[in-house]
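Notes follow the structure.
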Amino acid sequence: MDTALPPRLDPASLEKPLYARWKEEGVFHVTPKEVLEAGREPYVIVIPPPNVTAVLHMGHGLNNTIQDVLIRWRRMQGRAALWVPGTDHAGIATQNVVERLLQRDGLSRQDLGREAFEERVWAFVKETGGTILQQLEAIGASCDWERTRFTLDPELSRAVREVFVRLYEKDLIYRGEYIINWCPRCLTALANEEAEGHEVEGRLHHLRYPLPEPAWEAAARARSAGAEALGKDEQGRWYLTVSTTRPETMLGDTGVAVHPDDERYGGLVGVEVELPLTGRRIPIVADAFVDPEFGSGMVKVTPAHDPNDFEIASRTGLEILNILEPDATLGENAPAAFRGMDRFQARKEVLSALKVAGLYGGEEVHTHSVPHCYRCDTVVEPRLSDQWFVRMRPLAQPALAASLDGTITFHPDRWTRVYQEWLENIRDWCISRQLWWGHRIPVWYCQDESCQEVICAREDPAECPACGGSSLEQDPDVLDTWFSSWLWPFSVFGWPEETDDVKAFYPGHALVTAPEILFFWVARMIMAGYEFRGEAPFTSVFLHGTVRDAQGRKMSKSLGNGIDPMEVVDRFGADALRFTVLSMCGVGTDIHLDHEDLEAAFAPGRNFANKLWNAGRFTLMSLGDDPVPSLDEVEPHLELADRWILSRLSDASEQMTRSLERFRIHEVTERGYHFFWGEFADWYLELVKPRLRGEAGGESRQAARATLVRVFDGVLRLLHPLVPFVTAGLWERLPWPEGAERPDSLLVAPWPEPVEAWASPEAETAMSSLQELITRIRSLRKEYGVPEGADVSLVLPAVSAALDRALTGESRALAGMAKVAQVSRGEGQGVGAHDVLPDGTEIFLPLEGVVDLDRERSRLKQEMDRLAGQLTGIRKKLENRNFVERAPEAVVEKERDKAFQMEAQRGKLEEKLMILEGR
RNA sequence: GGGCGCUUAGCUCAGUCGGUUCAGAGCGCCUGCCUUACAAGCAGGAGGUCGCAGGUUCGAAUCCUGCAGCGCCCACCA
């Protein structure tokens with residue numbers, strides 16, 4: 001037997017070689033044949049593809065550990081378990097990274113030109129792109145690496161184009177001029193979901209627009225009718241007041257709006273007011289959007305820079321005036337004085353110009369939500385521009401139905417409604433991005449003046465199908481990254497080809513991700529699944545929490561509070577990392593890890609793996625070299641402990657399976673932990689030690705060996721999905737009962753199912769009585785100062801049936817675990833400790849001759865004296881009126897509490913002393 | 001403005017159908033042990049008005065109502 005295992009688990013030397021072997025043996029690889037021909041039931045997870053430029057962080061660590069648990073578990077259940085890995089080209093993110101690199105050399109992407117820039121990005125991706133996937137190997141992810149995909153792979157790009165053309169042909173993709181979220185730094189359009197609102201404390205500025213003299217009379221009437229927006233300056237000139245948080249937009253105002261039913265302003269509709277600083281005049285219009293109750297009931301209209309104002313303009317026919325350039329500097333439509341200015345600079349300048357003109361009506365503090373770019377955190381600018389959109393309503397219908405009829409379930413369940421509400425209120429998806437890195441929009445425009453055909457095609461057209469002209473220009477924009485990700489569950493299998501992979505592995509089963517991308521990705525994948533395959537891409541969505549630091553802050557590079565999973569793996573091992581995060585993975589709760597003390601943060605996992613390692617070491621060492629009999633052979637000789645632990649194993653299998661099915665990850669971990677540590681290691685191994693040494697005879701030893709092998713095998717199988725390395729390392733060293741068939745690898749060893757024949761309520765009750773008894777005796781021993789090594793005897797006046805059975809043949813257990821040398825029946829007499837078990841059994845521990853009574857008595861007395869001394873001190877303090885009246889309530893309360901506790905403690909000691917004195 | 005979630009031991013969190021696996025775990029703390037698998041361990045222990053106030057019930061951490069604090073998501077209120 002291999003006794004050369006070190007007493008401390010060394011993950012570094014264990015994990016790497018094991019993983020290399022798994023890869024080599026191809027256990028992670030699944031072929032469609034296994035499903036289509038051999039009829040194995042598939043189980044498929046597609047990885048949420050990390051950004052190709054990403055480096056593994058703890059969020060990935062958690063996400064992929066959970067997926068790996070599910071995959072390994074299903075694999076052991078005999079499913080054709082396929083986990084497809086890959087990366088996302090991450091349009092904006094990747095382009096930003098490379099642009100930043102270029103910037104260091106003083107270059108911009110424009111300097112390189114489109115083609116050279118794309119090449120540059122490709123080179124970067126090829127050089128660094130595999131990093132994160134290699135890191136996944138280090139945490140034990142059992143992905144099918146022969147199937148690694150990238151969203152810009154030719155096959156996947158083909159799927160993207162196919163989808164674009166199909167939707168275009170169904171009129172579900174359209175192009176149009178709308179207000180979209182624009183990032184002035186990334187210089188691209190963003191989808192609604194990509195603009196994140198952050199609460200910002202800003203200013204609400206009140207601006208005055210002068211009314212022309214002919215309208216003054218009407219204004220005066222309106223004012224007396226309660227029109228708060230109207231006012232008169234010292235010279236008696238009337239003006240109206242509008243408010244805005246973005247004063248610079250006033251340069252693009254083309255109107256002022258009131259509610260059509262707002263009687264106060266009725267007489268002013270149609271009047272043209274003077275727009276300060278511009279020399280323009282703009283009309284007052286009526287539109288139902290305006291809330292007469294809010295503010296003054298009058299609102300400035302900037303159609304090109306506010307989505308609502310755009311709507312108002314399209315209803316009332318107001319002019320649309322774009323004053324901002326893509327980089328958010330003021331453009332040619334702005335007055336000359338402001339042209340070229342940045343929007344924030346312009347804001348200041350506009351305000352001071354208005355002040356000079358006496359047209360500033362003051363400001364107030366105003367907290368509101370301001371949209372920021374989800375990639376670079378720049379304040380997003382609503383901007384009118386020509387973009388491509390997907391009509392989402394028709395796509396949303398089946399996706400919504402799937403959640404309503406239970407085809408797709410969300411875990412935790414509360415996300416179902418979040419998902420449904422988003423789908424019910426879905427808006428069209430802006431899919432064009434003004435970037436160079438991504439899938440180019442497959443649309444060409446015929447340059448022939450008289451033709452101007454728009455061509456959307458699967459293959460690049462050589463000539464215009466309408467006029468035959470060869471001067472075609474492709475749309476310069478690329479598609480939103482998510483436009484390729486939403487196809488991931490089938491594009492990775494070669495769709496639109498009807499490949500064997502598609503047939504075998506679509507639809508998949510579980511999707512594991514963070515709630516942040518529920519809308520970005522999950523919902524859209526479901527929509528795409530129905531639209532292009534007629535079937536949901538998976539049936540369960542598991543949404544886990546976010547990894548945070550000890551203060552509850554999200555881990556981020558800028559805060560420097562991140563934890564590098566690779567460092568954790570190096571120091572404590574992948575198993576430690578996995579177990580730690582899994583055990584903290586409560587339902588819908590975030591995970592807190594202290595980045596400043598990795599030692600403490602990952603101790604639970606490291607300790608667990610090490611304990612498992614040592615239990616394995618012990619098991620291997622104490623089994624001995626002789627052949628292990630099968631459980632059947634030793635059946636007649638099984639003892640209470642054997643039957644009990646088998647019963648527990650069966651129970652653990654059942655509960656862990658149930659929890660896995662319901663995605664209750666922390667339950668799985670907790671049950672595994674307690675079964676292994678609290679039941680197997682703490683009790684079974686201890687109980688079985690003397691038997692393994694042969695002290696109880698050959699039959700007992702063989703029964704123990706057969707049970708031990710069987711149960712430890714069960715332990716390793718149950719824990720393997722959680723801590724694959726240490727379990728596999730031990731499992732392959734575990735001896736095997738003669739004649740039993742041994743699976744090739746723990747990875748494909750059958751998942752333990754509950755065994756009905758093992759379930760033994762009798763053994764369970766008997767064992768818990770025995771455990772209770774042992775615990776009480778240990779407790780009494782401590783309490784009465786019985787030396788560690790000293791034997792005691794036990795007197796049991798009346799014994800419950802269960803305990804009686806337990807004690808029959810288990811006196812060795814008492815000897816081993818509680819140092820009870822002798823058990824006798826009868827009434828306890830003389831000096832000794834009494835206790836009563838929960839079932840009413842009275843126990844008595846004679847202490848005469850065991851405990852040095854004199855010493856113990858004086859020790860007790862000494863302790864009582866010490867207590868008494870402290871007590872008088874506290875009492876004096878409490879009697880001191882100065883203290884009681886002047887000290888804070890809490891402090892006094894604490895002192896009282898202390899006194900109370902000491903009082904109780906003294907009572908206990910007194911009682912003990914009486915017992916030791918034989919009274 | 002709407003919606004959701006959380007509040008249980010010093011810290012981080014479990015707690016399913018309302019009731020003998022309900023007041024739990026890990027970490028931390030105290031005491032004693034280097035007992036031949038493990039000191040990254042073993043044994044024993046201290047520590048909680050289950051956010052607050054009502055209600056339903058024979059019985060509430062659990063169900064209902066209100067309140068407070070914290071967090072998240074969505075939304076076009078200038």
Side-chain angles (χ1 to χ4, degrees), chain A residues 3 5-9 179 192-193 196-197 204-207 242-246 249 256-257 289-291 293-302 306-312 366 368-369 382 412 414-415 417-418 421-422 425 515-516 518-519 545-546 550 552 572 576 580 583-594 599-622 658-659 662 664 666-667 669-670 673-674 678 681-682 685-686 689 693 764 768 774-775 778-783 785 787-789 816-819 838 901 905:
Chain A
T3 51
L5 301 181
R8 245 186 220 194
L9 171 61
I179 294 265
N192 291 321
E193 291 73 22
E196 296 181 336
L204 185 62
H205 302 273
H206 306 298
L207 317 181
V242 289
S243 305
T244 179
T245 52
R246 297 183 294 153
T249 61
V256 171
F289 165 78
V290 182
D291 178 1
E293 305 292 317
F294 188 89
S296 63
M298 198 168 241
V299 57
K300 66 194 267 305
V301 184
T302 322
D306 183 285
N308 297 311
D309 293 4
F310 180 75
E311 296 287 311
I312 293 176
H366 181 72
H368 60 145
S369 173
R414 67 165 184 278
W415 293 105
R417 276 188 52 202
V418 178
E421 262 156 46
W422 186 75
N425 302 303
E516 287 112 78
L518 183 61
F519 307 142
T546 310
F572 315 115
T580 300
S583 67
M584 294 201 283
C585 191
V587 177
T589 57
D590 290 340
I591 284 176
H592 293 236
L593 291 167
D594 188 351
E599 183 94 18
F602 293 92
R606 182 196 55 179
N607 294 357
F608 182 74
N610 188 58
K611 180 77 179 178
L612 191 50
W613 177 252
N614 274 290
R617 238 161 55 89
F618 172 75
T619 299
L620 297 179
M621 286 192 299
S622 51
R658 235 174 82 81
S659 298
R662 301 191 307 162
R664 316 270 299 198
H666 73 282
E667 275 182 13
T669 318
E670 196 177 284
Y673 179 96
H674 279 286
D682 284 351
L685 285 186
E686 292 303 325
K689 271 177 181 172
R693 287 193 294 258
E764 302 258 354
S768 51
I774 289 172
T775 306
R778 283 168 169 173
S779 179
L780 289 175
R781 289 177 59 109
K782 285 258 173 190
E783 225 179 298
E788 293 267 333
M817 300 188 72
K819 289 239 159 223
Q901 304 247 348
Q905 179 68 21

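Every heavy atom of this structure was used, including side-chain atoms; hydrogens, water molecules and symmetry mates were not. Lettering follows sequence order; numbering is per chain, from 1.
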Describe the nucleic acid contact of [X] in one word from base, sugar-phosphate, nothing, applying a heavy-atom distance below 4.0 Å.
| X | answer |
| --- | --- |
| A/Ala681 | base |
| A/Ala615 | base |
| A/Ser768 | nothing |
| A/Arg662 | base |
| A/Asp682 | sugar-phosphate |
| A/Phe608 | nothing |
| A/Arg778 | sugar-phosphate |

* Asked: Considering only heavy atoms from C-beta outward, does the side chain of A/Ser583 approach that of A/Tyr673 to under 4.5 Å?
  ->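 The answer is no; the side chains never approach within 4.5 Å.
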* Test item: A/Asp306 and A/Arg246 side chains (from C-beta on) under 4.5 Å apart, heavy atoms ->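 Yes, at least one pair of side-chain atoms sits under 4.5 Å.
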* Check A/Lys782, A/Arg781, A/Lys819 against A/Glu788 for a salt bridge (Lys or Arg N to Asp or Glu O under 4.0 Å) and give me the one that passes. =>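 Exactly one candidate clears the test, A/Lys782.
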* Report the C-alpha distance between A/Met621 and A/Leu5 in whole Å, list the side-chain angles of each, state the deciding distance to 0.1 Å, and finish with yes or no for side chain to side chain contact (heavy atoms under 4.5 Å, CB included). => CA-CA 10 Å; A/Met621 286 192 299; A/Leu5 301 181; over 6 Å; no
Could you give the distance separating [M] and [N] at their [atom1] atoms, to the nearest angstrom?
| N | M | atom1 | result |
| --- | --- | --- | --- |
| B/C13 | B/A53 | C1' | 26 Å |
| B/U62 | B/C6 | C1' | 15 Å |
| B/G41 | B/C27 | C1' | 16 Å |
| B/A9 | B/U21 | P | 23 Å |
| B/G24 | B/G45 | P | 13 Å |
| B/G10 | B/U49 | P | 8 Å |
| B/U65 | B/C76 | P | 30 Å |
| B/U8 | B/G55 | P | 24 Å |

Whole-Å distance between [N] [atom2] and [X] [atom1]?
| X | N | atom1 | atom2 | value |
| --- | --- | --- | --- | --- |
| A/His366 | B/C77 | NE2 | P | 9 Å |
| A/Arg617 | B/G41 | CZ | P | 14 Å |
| A/Asn610 | B/A37 | CG | P | 15 Å |
| A/Glu686 | B/G44 | CD | P | 11 Å |
| A/His368 | B/C76 | NE2 | P | 15 Å |
| A/Glu783 | B/C30 | CD | P | 21 Å |
| A/Glu764 | B/U21 | CD | C1' | 11 Å |
| A/Glu667 | B/G26 | CD | P | 17 Å |

Does [X] put a side-chain nitrogen or oxygen below 4.0 Å from OP1 or OP2 of [N]?
| X | N | result |
| --- | --- | --- |
| A/His592 | B/C13 | yes |
| A/Ser583 | B/U12 | no |
| A/Asn607 | B/C38 | no |
| A/Lys819 | B/U35 | no |

* Checking side chain to side chain contact (heavy atoms under 4.5 Å, CB included) for the pair A/Thr619/A/Leu685: CA distance, chi angles, key distance, verdict? -> CA-CA 8 Å; A/Thr619 299; A/Leu685 285 186; 4.2 Å; yes
Go through [options] for me and flag the one nearest to the [X] side chain.
| X | options | result |
| --- | --- | --- |
| A/Phe294 | B/C33, B/A37, B/C77 | B/C77 |
| A/Asn614 | B/C76, B/C42, B/C38 | B/C38 |
| A/Thr589 | B/C13, B/C38, B/G26 | B/C13 |
| A/Asn308 | B/C76, B/G26, B/A14 | B/C76 |
| A/Ser779 | B/G44, B/A43, B/A14 | B/G44 |
| A/Glu421 | B/G3, B/A37, B/A43 | B/G3 |
| A/Arg417 | B/G3, B/A14, B/U16 | B/G3 |

Protein N or O to nucleotides 72-75 of chain B N or O, pairs below 3.5 Å:
unit_1 : atom_1 : unit_2   : atom_2 : d
B/A75  : OP1    : A/Arg427 : NH2    : 3.0

* To do: Name the orientation of the base relative to the sugar in B/C70: syn if the glycosidic angle is within 90° of 0, else anti.
  =>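 Anti.
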* Could you check A/Ala550 against A/Ala603 and say which one's nearest nucleotide on RNA chain B is further toward the 5' end? =>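 The residue mapped nearer the 5' terminus is A/Ala550.
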* Dot-bracket pairing map - RNA chain B, Watson-Crick plus G-U, both contacts under 3.5 Å, | cross-strand -> (((((((..((((.....[....)))).(((((.......))))).....(((((..]....))))))))))))....
* Asked: Can you list the steps and then say if A/Thr249 with A/Lys300 is a side chain to side chain contact (heavy atoms under 4.5 Å, CB included)?
  -> CA-CA 9 Å; A/Thr249 61; A/Lys300 66 194 267 305; 2.7 Å; yes
* **Shortest non-hydrogen contact between A/Ala257 and A/Val290, atoms and distance** =>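 Answer, listing the atom of A/Ala257 first, then A/Val290: CB-CG2, 3.7 Å.
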* Asked: Between A/Val242 and A/Val299, what is the shortest heavy-atom contact and its length?
  ->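 Of all heavy-atom pairs spanning A/Val242 and A/Val299, the closest is CG1-C, 4.1 Å.
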Donor-acceptor pair, distance only, cut-off 3.5 Å: does the side chain of [X] make one with the backbone of [Y]?
| X | Y | answer |
| --- | --- | --- |
| A/Ser779 | A/Thr775 | no |
| A/Asn425 | A/Glu421 | yes |
| A/Arg664 | A/Arg658 | no |
| A/Asn610 | A/Arg8 | no |

* To do: Report yes if a donor N or O on one partner sits less than 3.5 Å from an acceptor N or O on the other, where the partners are the side chain of A/Arg8 and the base of B/A40; otherwise report no.
  =>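 Yes, a donor-acceptor pair under 3.5 Å.
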* What residues form a side-chain hydrogen bond (donor to acceptor under 3.5 Å, both in side chains) with A/Glu686, not counting sequence neighbours? ->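 Partners of A/Glu686 by the side-chain hydrogen bond (donor to acceptor under 3.5 Å, both in side chains) criterion, ordered by chain and then number, come out as A/Lys689.
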